[in-house]
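Beneath this line is the structure, given in structure tokens, with notes to follow.
The sequence lines fix the lettering, A, B, ..., with proteins before strands; numbering per chain opens at 1. Only heavy atoms go into these numbers, but all of them, side chains included; no hydrogens, no water, no symmetry mates.
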Protein chains: 2
Amino acid sequence: MPVVSDCINMLDSETKAVETPEDHAEELRLWLRLLTCTTLIEGEVRGRLRQRFDVTLPRFDLMAQLDKAPDGMTLSDVSKRMMVSNGNVTGLVERLVESGHLDRRTSETDRRVQVIRLTKLGRAEFRRMAAEHETWIADLFADLTPKDVRELMRLLAKTKASAQKSAGRRRA
Amino acid sequence: MPVVSDCINMLDSETKAVETPEDHAEELRLWLRLLTCTTLIEGEVRGRLRQRFDVTLPRFDLMAQLDKAPDGMTLSDVSKRMMVSNGNVTGLVERLVESGHLDRRTSETDRRVQVIRLTKLGRAEFRRMAAEHETWIADLFADLTPKDVRELMRLLAKTKASAQKSAGRRRA
DNA sequence: CCAAATTACTTTAAGCCTAAAATGTTTCCA
DNA sequence: TGGAAACATTTTAGGCTTAAAGTAATTTGG
């Protein structure tokens, strides 16, 4: 039972990157391209939302989450879904309540929890914006074939899973 | 030569979206997934940069641009490359000059232009961070095969081109 | 040659965003 | 039961980001 040699092999394989620095240039390029695509589309959508509806992208995103939850969501739910910090949501909600798009109330059963919903106005405005928003997205992706779309969906799902796993490893 | 009927057909095909509202749900889902992947990875990189090097992501990104340009760049160049506003770059550069990472000087030939470069310190620190950064990216994308990476690169290039075309159409 | 347009950058006002600390509430368990 | 831990949210301090307006330098076209 060659314990020592096993151990050495293990170490060897674990430290391979150190001994023969691997080339990760392809992954780096992929990340930059992914970032470029997102930044490009995000900027375009942001600009159109502002011009057409005088609304910011984060407000739109928050309303989109609530539109999918007729019974409302807690601030924590929203924070997780939108992948932003808690404090961020607090301010965003504040402004949307102020403008009459959101309704906010303290949970009956747990006084820590705030439940927010779209108001009638909020829902109506969101639906109007969302309909147009969908055509912008369709236009931005117009040159992709249905097959391209399917394939991208698949590869991005794989990417997401890989990144989550890696992020989990760090925190573990 | 059925001109009238051709014309009607053309109109029909052009206005199809109006008459029979198309379903763009797939493109929308694709956009959300793209955004999720980017947000996830970006957040992970941001956190690691902060913890390991006490540096922000925008500062790192700016230094990355300058590392590729030994002769320096103008603020406008940087702004275009990073796809952020001019005013944003002004502030970012200010802080990096302050901390000794950047050198900034007015162009000899055009007094409107500011040329910025990495200082020796800035370059050394960036190289140190970049080496580690590359391993994080490799780890985040670790579950993708080389073929996945190639295919994603191809599809994202196509996506970028499509989005740029669409963005151009709007401004035209 | 010179006024108008363009270009490069900065400033401003407002909002977005994060990490960390603080507050109040509920749950857990010894 | 009572105190520690966990949880939901808010607050704070600082930085990022944008669009739009402002300043200064250069280019352009009549």
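Whole-Å rounding puts the B:Lys80 NZ to C:dT7 P distance at 9 Å. The separation between A:Arg95 atom CZ and C:dC17 atom P is 9 Å, rounded to whole Å. Whole-Å rounding puts the B:Arg48 CZ to C:dT18 C1' distance at 18 Å. In this structure, B:Leu49 atom CG and C:dA19 atom C1' are separated by 15 Å, rounded to whole Å. With rounding to whole Å, A:Leu75 atom CG is found 15 Å from C:dT25 atom C1'.
OP1 or OP2 of D:dC16 sits under 4.0 Å from a side-chain N or O of B:Thr56. Look at A:Ser76 and you'll find a side-chain N or O under 4.0 angstrom from OP1 or OP2 of D:dT9. Considering only side-chain N and O atoms, B:Arg59 lies under 4.0 angstrom from the phosphate OP1 or OP2 of D:dC16.
To the nearest 0.5 Å, atoms OG (A:Ser76) and CD (A:Gln114) are separated by 10.5 Å. From A:Thr39, atom OG1 reaches atom CD of A:Glu44 across 12.5 Å, with rounding to the nearest 0.5 Å.
Using a 4.0 Å heavy-atom distance criterion, A:Thr74 is classed as a sugar-phosphate-only contact. At a threshold of 4.0 angstrom between heavy atoms, the contacts of B:Leu57 with the nucleic acid are absent.
At least one donor-acceptor pair closer than 3.5 Å links the side chain of A:Arg117 to the backbone N or O of A:Asp71.
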Worked check of ring pair (Phe, Tyr, Trp, His ring centres under 6.0 Å) between A:Phe53 and A:Phe60: CA-CA 10 Å; A:Phe53 302 114; A:Phe60 179 82; 8.2 Å; no
Pair A:Trp31-B:Ile41, side-chain contact (heavy atoms from CB on, under 4.5 Å): steps then yes or no: CA-CA 9 Å; A:Trp31 164 232; B:Ile41 297 168; 3.6 Å; yes
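More than 12 heavy atoms of other residues, nucleotides or ligands lie within 6.0 Å of NZ in B:Lys158, so this atom counts as buried by the packing criterion.
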Sequence-aligned protein contact record of nucleotides 19-29 of chain D, with B where the base is within under 4.0 Å of a protein heavy atom and S where only the sugar-phosphate is: SS----BS---
